[in-house]
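Before any comments, here is the structure.
Residue numbers start from 1 in every chain, and the chains themselves are labelled A, B, ... in the order their sequence lines are given, proteins ahead of strands.
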There are 2 protein chains.
Amino acid sequence: MTTGADGRGLAGFARLLADPTRAGFCLALLDGRAWTAGELARAAGVAASTASGHLTRLVAGGLVVEERQGRHRYVRLADPGVAQLVEDLAARAPAPAAPPRTLRAASAGAALAYARTCYDHLAGRLGVLLHDALLDRGVLDRTGGLALTEAGMSWLDRLGVPVEPLRGTRRPLVRDCLDWTERRPHLAGAVGAALCGRFLDLGWTARGNGRAVRVTPAGRDALAEALGLDPVLLAAPATRVTGPARA
Amino acid sequence: MTTGADGRGLAGFARLLADPTRAGFCLALLDGRAWTAGELARAAGVAASTASGHLTRLVAGGLVVEERQGRHRYVRLADPGVAQLVEDLAARAPAPAAPPRTLRAASAGAALAYARTCYDHLAGRLGVLLHDALLDRGVLDRTGGLALTEAGMSWLDRLGVPVEPLRGTRRPLVRDCLDWTERRPHLAGAVGAALCGRFLDLGWTARGNGRAVRVTPAGRDALAEALGLDPVLLAAPATRVTGPARA
DNA sequence: CGGACCGTTCGGCGCGGCCCGAACCGTGCC
DNA sequence: GGCACGGTTCGGGCCGCGCCGAACGGTCCG
């Protein structure tokens, strides 16, 4: 019943994340997509055989689920709870001693700081902007905990995101998620995920490389309209020089 | 900024919990109290020298803070966030293969299943009962996320738990915490912690061994009154052999 | 002042697990 | 059919680290 009065269960579970390679896998999977075993191996810089073993352990431990298609082994985080766990742990982990910032990392960082997915919802400046706008519009309410208002439910409905189907799950409708780059909360939970998906479906946003997200030209005006914001606020990140990142 | 694109930071942090002894320390510290190094060593069944090294690592990693008094080294979890992290991880960890239930563990388990602290708030049947009663009384509201109502704030005020001082912190006022034994949510967050402390201050509850909590005779009537419940519901755990099967 | 007690440091031992390369299997494509 | 490719399995090497006991230092107390 209680999951082990001694620490063996907890330790065994934590050990899954206690290896740099496995931890790197999980961080990569935070983009919410399914990766193949080989992609993860290359991204982590280990041999395919090594990656294979790690994935088997992660699957056995319930952190990750796999789906075999032909000769590929697709793998993704088991559920949003796992994603949150990884985020929480990573947020507390001290930065690994003088991160060797390459130029590429820095410019990728700029795109990520502007907008990215946090597992399955929006993060970065865009995520925080969304969160703030929803508070301003009365979609969310914060007197005594974060909650979705009545007005918010019809707002979502008009956007094509009916709330009722989201209720069934054990997942909270709305939840705070502390933004790494902004150090302020953005919107997570079932509604946060549904909104992120809806924006992609509508073509208001599109995925960039990795976890990066960009706002499409059409999305810029539509989002501003829906949120009651000035479109200027949704301008792309500063590195306009090279044009928007490739889709 | 982002805490390490590679997994080294995360892995190093997770490794703190990846050892059964250190994990056991953290689980013990979930009672919210400060333990001495020796107490933890005995509880975990390791030599004092071993425990000393582990504690040094936990402190360096920020999971635990220490306070030296004379020849004692007192240690406790660094903050509620760490406690939540440990709880979340432990809840996901699979039970460690055939837990050797001793008689003593079983009877201690009964007390714990009735009422215990979950770091700094109430858990167990009592914690879930509290949570449900607060929903019934309209102190909490669950339409669209867990939130504290206006009525709830004045209810807390009458109880001697002013809400305003709780707002300053980054901690959410109210938060769900999944109960290990009941498999249903109980109340965590700043309000959950304040209530737990207030009940102890008022003498309505008292600490037992470890994380166990009991309701005092006076507290039984006072709690029932405050929550609008039948005092019978607050009866002690089933020393009464065939109590209702614990859900 | 001397003894009891708590905690730390150090040396040494042994296990576990992380890594790779090589060989093998199955799938998909030309 | 034959080749390219993704993934897995196996064996071997290596390093990290968790454990203990012994010795030492600091604190409290009689």
**Asked** Does anything in residues 16-23 of chain B reach DNA chain D, meaning a heavy atom under 4.0 Å, and if so which residues?
**Response** B:Asp19, B:Thr21, B:Arg22

**Asked** With sequence neighbours left out, what residues match B:Arg207 under side chain to side chain contact (heavy atoms under 4.5 Å, CB included)?
**Response**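 B:Arg207: side chain to side chain contact (heavy atoms under 4.5 Å, CB included) contacts with B:Arg33, B:Thr117, B:Leu200.
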
**Prompt:** Which residues satisfy the side chain to side chain contact (heavy atoms under 4.5 Å, CB included) test with A:Pro217, sequence neighbours excluded?
**Reply:**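 Here no residue qualifies.
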
Given [options], the nucleotide with the shortest approach to the side chain of [X]:
{"X": "A:Ala37", "options": "D:dG7, C:dC20, C:dT9", "result": "D:dG7"}
{"X": "A:Thr50", "options": "C:dC20, D:dT8, D:dG21", "result": "C:dC20"}
{"X": "B:Val46", "options": "D:dC19, C:dC20, D:dG7", "result": "D:dC19"}

**Item:** Residue of the set B:Arg198, B:Arg175, B:Arg211, B:Arg171 for which salt bridge (Lys or Arg N to Asp or Glu O under 4.0 Å) holds with B:Asp120
**Value:** B:Arg171

**Prompt:** So, A:Arg15 side chain and B:Ala18 main chain: donor-acceptor pair closer than 3.5 Å or not?
**Reply:**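 The answer is yes, because a donor-acceptor pair under 3.5 Å joins these two groups.
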
**Item:** Whether A:His72 side chain and A:Gln69 backbone form a donor-acceptor pair below 3.5 Å
**Value:** no

**Message:** Can you see if the side chain of A:Arg73 gets near the phosphate of D:dT8 - specifically, an N or O under 4.0 Å from OP1 or OP2?
**Reply:** yes

**Request:** With a 4.0 Å heavy-atom cut-off, tell me which residues in residues 54-63 of chain A come close to DNA chain C, sorted by residue number.
**Result:** A:His54, A:Arg57

**Message:** So B:Arg42, base contact, sugar-phosphate only, or nothing? Heavy-atom distance under 4.0 Å.
**Reply:**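 B:Arg42: no heavy atom of the nucleic acid under 4.0 Å.
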
Quickly work out the [X] [atom1] to [N] [atom2] distance and round it to whole Å.
{"X": "A:Trp35", "N": "D:dG6", "atom1": "CH2", "atom2": "P", "result": "16 Å"}
{"X": "A:Glu39", "N": "D:dG6", "atom1": "CD", "atom2": "P", "result": "10 Å"}
{"X": "A:Arg8", "N": "D:dG18", "atom1": "CZ", "atom2": "C1'", "result": "16 Å"}
{"X": "A:Arg15", "N": "D:dG16", "atom1": "CZ", "atom2": "P", "result": "17 Å"}

**Complete:** Per side-chain contact (heavy atoms from CB on, under 4.5 Å), B:Val64 is matched among B:Leu16, B:Val59, B:Thr56 by B:Val59

**Request:** Could you pick out which residue, A:Gly53 or A:His72, lies toward the 5' side of DNA chain D when each is mapped onto its nearest nucleotide?
**Result:** A:His72

**Request:** Using a strict cut-off of less than 4.0 Å between a Lys/Arg side-chain nitrogen and an Asp/Glu carboxylate oxygen, indicate whether B:Asp79 and A:Arg92 qualify as a salt bridge.
**Result:** yes

Donor-acceptor pairs are to be reported for all side-chain atoms of residues 38-48 of chain B against protein atoms at under 3.5 Å, with residues two or more places apart or in another chain.
unit_1	atom_1	unit_2	atom_2	d
B:Glu39	OE1	B:Thr36	N	3.0

**Prompt:** Relative to each other, are the rings of B:His54 and B:Phe25 parallel, tilted or perpendicular (30° and 60° limits)?
**Reply:** perpendicular

**Request:** Summarise protein proximity over nucleotides 23-30 of chain D in one line of letters, 5' to 3': B for base, S for sugar-phosphate only, - for none, counting protein heavy atoms closer than 4.0 Å.
**Result:** ---BBS--

